[in-house]
Amino acid sequence: MTALPLVFDAPRGGMPPRHLADLTAAERADAVTELGEKPFRAKQLSHHYFSRLTVDPVAMTDIPAASRERLVAELMPPLLTEVRAISCDEGTTRKTLWRAHDGTLLESVLMRYPDRATLCISSQAGCGMACPFCATGQGGLERNMSAAEIVDQVRAAAAVMRDGLMPGPDGEPAEGRLSNIVFMGMGEPLANYKRVVTAVRRITAPAPDGLGISQRSVTVSTVGLAPAIRRLADEGLQVRLAVSLHTPDDELRDTLVPVNNRWPVSEVLEAARYYLDRTGRRISIEYALIRDMNDQPWRADLLAKRLREHLGHLVHVNVIPLNPTPGSKWDASPKDVEREFVRRVNAGGVACTVRDTRGQEIAAACGQLAGES
Ligand code: SAH
């Protein structure tokens with residue numbers, strides 16, 4: 001058995017300065033008062049950040065210049081600086097590389113579809129889960145993102161959509177709305193539990209206390225940290241849970257998702273069942289299909305069987321064709337093998353579809369984010 005690469009809540013780099021997106025509305029009012037300002041200034045600041053999506057003090061003309069400088073310095077310090085943004089898929093996929101205050105690099109990916117726009121965000125710089133097929137997993141965990149660093153990725157993308165910087169359905173740049181958030185960028189969200197839950201609350205709180213995105217449109221994706229899944233189930237949130245299962249048997253999963261040595265498939269699926277019971281929300285299962293590794297017909301049959309046993313019909317499998325990472329010996333399955341796999345899972349009574357693969361040319365697809373400049 002391999003040594004467990006588990007690193008929970010052990011940031012190496014420095015966490016960023018305090019930011020209003022880390023704080024509840026009440027805490028923001030207290031912070032403003034401590035700075036010698038009237039509490040209503042907290043609402044004004046929040047309005048600029050969460051509703052106007054601006055971090056530019058020059059635009060905050062309703063706050064006197066002298067107070068503004070200080071309030072922005074204390075409660076809205078710059079967190080993420082855009083290093084570069086690159087696009088593909090006719091401009092409808094856009095990957096942004098960000099630099100945090102301490103030089104840490106992280107990435108987020110915005111994908112616009114005819115009926116929605118989805119942002120894939122990072123919850124950690126690097127990742128401690130060491131899944132061998134994932135680019136982020138190869139370098140280990142650098143540090144956790146703060147709640148505000150997570151929220152700021154969303155704010156920036158919401159501004160891109162609002163300002164019409166992406167092509168709309170007819171191919172011309174058009175205004176739109178950021179509608180969906182997936183925690184499927186760099187990192188294991190449930191290994192940075194508190195900050196991720198705080199960020200979810202900020203992202204989904206109605207304006208001006210948050211970004212006003214529907215909880216049901218937020219997906220938290222996890223390798224399967226069973227106790228954290230149960231804890232999330234008890235938060236009273238309506239977010240979707242995605243579990244990166246990748247194989248139904250412990251023998252192979254111990255290798256593909258090393259944390260399986262700690263929480264095996266049955267425990268992960270029982271935790272997912274608890275999440276389903278508590279929230280009523282259908283569970284998503286992620287399955288990166290890897291040629292000659294986890295794509296055999298018998299695994300499709302076993303997958304359907306185990307999911308039916310634990311989750312009944314309230315589960316959906318997303319097959320993700322493997323995106324080979326540099327230096328990896330693994331490849332995606334041939335299309336006929338993929339089709340047969342999907343057919344068998346569906347025949348076994350479990351809904352299963354193939355995830356579309358955006359962003360491949362710009363290393364922005366599933367599992368390709370590595371934060372390199
Ligand atoms: N730590 C979280 C979020 C990671 S990324 C998790 O594991 O769920 C989101 C999804 O991309 C996960 O299902 C992950 O297993 C998958 N993924 C990682 N590397 C991949 C690759 N090279 N090809 C296809 N999918 C990959």
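Note that ligands are numbered from 1 as they come in the structure, with each ligand's atoms numbered from 1 the same way. Note that the numbering runs from 1 along the sequence shown for the chain.
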Does any N/O atom on N323 come nearer than 3.5 Å to any N/O atom on ligand 1? yes
Which one of Y287, W330, F133 has a non-hydrogen atom at the shortest distance from atom 17 (N) of ligand 1? F133
Over 60° means perpendicular and under 30° means parallel, so tell me whether W330 and F133 are parallel, tilted or perpendicular. tilted
If we only consider heavy atoms of G187, is any one of them less than 4.0 Å away from an atom in ligand 1? yes
A288 N/O under 3.5 Å from ligand 1 N/O: no
Structural part of I320 in contact with ligand 1, heavy atom criterion under 4.0 angstrom: side chain
Return a yes/no value for T325: is any of its N or O atoms, backbone included, closer than 3.5 angstrom to an N or O of ligand 1? no
Taking 4.0 Å as the limit for heavy-atom contacts, which would you say applies to M129 with ligand 1: side chain only, backbone only, both, or neither? neither
Against heavy atoms of V223, which atoms of ligand 1 measure under 4.0 Å? 6 (C), 7 (O), 8 (O)
Once you restrict to heavy atoms under 4.0 Å, what part of E188 touches ligand 1? Side chain, backbone, both or neither. both
Non-hydrogen side-chain atoms of P39 and V32 separated by less than 4.5 Å: no
Can you see whether T92 engages R358 through a side-chain donor-acceptor pair at a distance of less than 3.5 angstrom? yes
At under 4.0 Å between heavy atoms, is it the side chain or the backbone of V243 that contacts ligand 1, or both, or neither? neither
Ignoring hydrogens, just give me the one of C366, G128, G367 whose non-hydrogen atom is nearest atom 24 (C) of ligand 1. C366
Within-shell test, H246 vs ligand 1, heavy atom, strictly < 4.0 Å: yes
How far is atom 13 (O) of ligand 1 from the closest protein heavy atom, and which atom is that? S244 OG, 2.6 Å
For W98 and V83, the nearest pair of non-hydrogen atoms, with its separation, is C-CG2, 4.0 Å
Give me the atom names and distance for the closest heavy-atom approach of Q215 to G236. OE1-O, 4.3 Å
Min side-chain heavy-atom separation L289-P321 under 4.5 Å: no
Can you find a side-chain donor-acceptor pair between R28 and S46 that sits under 3.5 Å? yes
How far apart are the closest heavy atoms of R195 and N192, and which atoms are they? NH1-OD1, 2.8 Å
Give a yes-or-no answer on whether the side chains of D152 and Y49 include a donor-acceptor pair shorter than 3.5 Å. yes
Would you mind checking which non-hydrogen protein atom is closest to atom 2 (C) of ligand 1, with the distance to 0.1 Å? S221 O, 3.3 Å
Output the list of atoms in ligand 1 that are nearer than 4.0 Å to some heavy atom of E286, sorted by atom number. 13 (O)
Against heavy atoms of C134, which atoms of ligand 1 measure under 4.0 Å? 18 (C), 19 (N)
Is it the case that T247 and D249 place a side-chain donor and acceptor less than 3.5 Å from each other? yes
